[in-house]
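Shown next, in structure tokens, is the structure this report addresses.
Below, read A as the first sequence line, B as the second, and so on, with proteins coming before strands; counting in each chain starts at 1.
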Amino acid sequence: MIEDGRALKDDFIPLEVEFRNQELNRLSEALAPCLEGGTPENTVIYGPTGTGKTCIAKYTLNQLQDEAPDIPTQYINCWQDYNKYRTVERLMEGLGEGDAIQSRWMAKDELIVRLREELDRPYIVILDEIDQHQEPEILYDLYTLPEVTMILITNRETQLFHRLDDRVTSRLRGAPRLKLTKYSSAELVSILETRARWALSPDAIGDTELEFIAENAAGDARVAISVLRSAATYGDRTGAERITERLIEEAIPGAREELRQQTLEKLDGHQLRLYNIIQEHDEIKPGDLYAAYEERSEDPMTRRTIRNYLNKMEHYRLIESSGRSRAKVYSLVTDE
DNA sequence: GGTCCACAGGAAAGATAGGGTC
DNA sequence: GACCCTATCTTTCCTGTGGACC
């Protein structure tokens, strides 16, 4: 059934991005000046997950590189490269200067100086999940580099700005902002149709089944594509010739489990222990959670470290919390 | 309304690990 | 191999918040 699985991958960039023409045009306009030696505009893209923020940013940079291969670009996920050092490391890599960094020997400030020296032409950088950066002052450092143009991606615009100091906020306030909203069911069907045409054998899936996936994805293209991928994989495994509604229903839990397992693999022993304790309870108070964790650990981490771990797991959407102060409880995320 | 206390999260210091220099 | 420099992770200390109880 699957003929070319690439089109079903999360990081696949399609030849054409559907239903985002206005946003693509605005982003292209913001970057266009660099083609004529001018100064492009920094841009902020925000909206819920699965609305195509990363996709339109990467797509626009691909287009730009087709026109001007000499202009270097770089994609940085600030959840993975969350401190200044790693971010600048990635920036150097984007300039083909990754080898210039001799491990930890080079201090952060020295790295910035090195980056400044290497910049002799426009450099366009996507900073994805910028609200998750642990040292948001990096934006000020980058702002002082006239060659660097930033495309900042965040889920919530307010989360980004409330963490920035006034110098950066005042400068970014004037930057173009692109707000992306969730896809409608009809839009998701069209996106899925295109992906299915690329990835699957002809007639592997019909309109009714695509609509069924779209309705279950609640406007999130990432979820919709993940379910399609899971259904097709499951169909291949079981020898089915077509993806049916029943196959999709069977594949949905698998798609969710796949995403959950991928995330669980990122946790260390202490974090997994916390996850297991929460899993054993419908809801658990932070104090009770720590007591249970302490009981099961030979060398337990402190409460402060555990709070950091729990924040990380909440961000991964593995657990969630409700209530505040003494009324606070943790539970597993079950709605995805 | 006042007090208590669980809880969150920032800041600074300490511990650890990786790699370079002599 | 000892020492130095660095980033990263963890701990300690502290303050602010807000729910529970009287």
Side-chain angles (χ1 to χ4, degrees), chain A residues 74 76-94 97-118 127 129-142 154-156 158-169 263-275 277-278 281-333:
Chain A
Q74 179 66 309
I76 298 172
N77 186 313
C78 299
W79 177 248
Q80 285 158 357
D81 299 313
Y82 47 80
N83 59 40
K84 205 189 255 190
Y85 194 89
R86 289 196 195 175
T87 304
V88 180
E89 234 178 2
R90 292 280 164 272
L91 290 167
M92 293 291 278
E93 276 174 21
E97 296 295 331
D99 294 343
I101 307 161
Q102 297 131 16
S103 70
R104 299 171 182 219
W105 184 241
M106 202 175 276
K108 269 190 273 194
D109 293 341
E110 201 182 330
L111 262 180
I112 296 274
V113 171
R114 193 71 183 264
L115 177 65
R116 194 184 295 274
E117 285 169 1
E118 292 301 331
L127 293 166
E129 298 200 63
I130 184 64
D131 50 303
Q132 293 305 315
H133 207 289
Q134 281 181 1
E135 295 177 89
E137 60 271 21
I138 181 75
L139 292 183
Y140 182 74
D141 291 321
L142 297 182
T154 177
N155 281 7
R156 272 173 280 182
T158 46
Q159 274 182 344
L160 168 64
F161 284 105
H162 95 268
R163 297 175 67 234
L164 300 179
D165 74 23
D166 294 342
R167 295 171 307 178
V168 185
T169 305
T263 315
L264 283 175
E265 281 166 18
K266 295 177 187 169
L267 303 184
D268 67 18
H270 293 280
Q271 294 157 355
L272 265 179
R273 204 166 299 143
L274 290 166
Y275 179 85
I277 294 167
I278 297 170
H281 299 76
D282 283 343
E283 288 181 340
I284 187 166
K285 291 180 176 181
D288 296 340
L289 172 60
Y290 187 75
Y293 159 78
E294 217 173 7
E295 204 171 291
R296 294 183 197 186
S297 307
E298 281 183 14
D299 189 16
M301 296 293 188
T302 60
R303 289 175 187 269
R304 182 68 186 90
T305 302
I306 294 305
R307 285 202 287 275
N308 285 342
Y309 287 173
L310 292 169
N311 280 340
K312 181 178 172 180
M313 288 157 72
E314 266 195 280
H315 180 87
Y316 280 151
R317 296 286 297 139
L318 287 169
I319 63 171
E320 59 192 357
S321 62
S322 60
R324 301 186 70 174
S325 192
R326 287 181 173 188
K328 178 152 184 165
V329 288
Y330 287 102
S331 58
L332 288 195
V333 170

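- By the 4.5 Å heavy-atom criterion applied to side chains, L127(A) and L139(A) are counted as neighbours.
- In this structure, Y309(A) atom OH and dG9(B) atom C1' are separated by 16 Å, rounded to whole Å.
- Residue Y82(A) is classed as a sugar-phosphate contact, given heavy-atom separations below 4.0 Å to backbone atoms only.
- Atom C1' of nucleotide dC22(C) and atom CZ of R326(A) are separated by 12 Å, given to the nearest angstrom.
- Side-chain atoms of P286(A) lie closest to dC7(B) of the nucleotides dA20(C), dC7(B), dT8(C).
- Atom CG in L310(A) sits about 17 Å away from atom P in dA6(B), given to the nearest Å.
- Between the side chain of H281(A) and the backbone N or O of I277(A) there is at least one donor-acceptor pair closer than 3.5 Å.
- Among the nucleotides dG19(C), dC9(C), dC7(B), the one closest to the side chain of K285(A) is dC7(B).
- Distance CG (D81(A)) to C1' (dA7(C)): 14 Å, rounded to an integer number of Å.
- Listed nucleotides: dT8(C), dG9(B), dT10(C). Nearest to the side chain of N311(A): dG9(B).
- OP1 or OP2 of dT11(C) sits under 4.0 Å from a side-chain N or O of T305(A).
- Going from atom CG of L274(A) over to atom NZ of K312(A) covers 11.5 Å, rounded to the nearest 0.5 Å.
- The closest donor-acceptor contact from the side chain of S321(A) to the backbone of Y330(A) lies at 3.5 Å or more, if one exists at all.
- Remark: P of dG14(B) and CZ of R304(A) are 18 Å apart, rounded to the nearest angstrom.
- Formation of a donor-acceptor pair under 3.5 Å by the Q74(A) side chain with backbone atoms of R90(A) is found in this model.
- No hydrogens or angles were tested; on distance alone, nothing pairs the side chain of R307(A) with the base of dG10(B) as donor and acceptor under 3.5 Å.
- What separates CG of L111(A) from P of dT8(C) is a distance of 10 Å, to the nearest Å.
- To the nearest angstrom, C1' of dG10(B) lies 10 Å from CG of N308(A).
- A straight line from CG of N83(A) to P of dT10(C) spans 14 Å, rounded to a whole angstrom.
- As judged by a 4.0 angstrom heavy-atom cut-off over every strand, R303(A) is placed among residues making no nucleic acid contact.
- Side-chain atoms of S325(A) and base atoms of dG19(C) include no donor and acceptor less than 3.5 Å apart.
- For dA8(B), one of the phosphate oxygens OP1 or OP2 lies less than 4.0 angstrom from a side-chain nitrogen or oxygen of K328(A).
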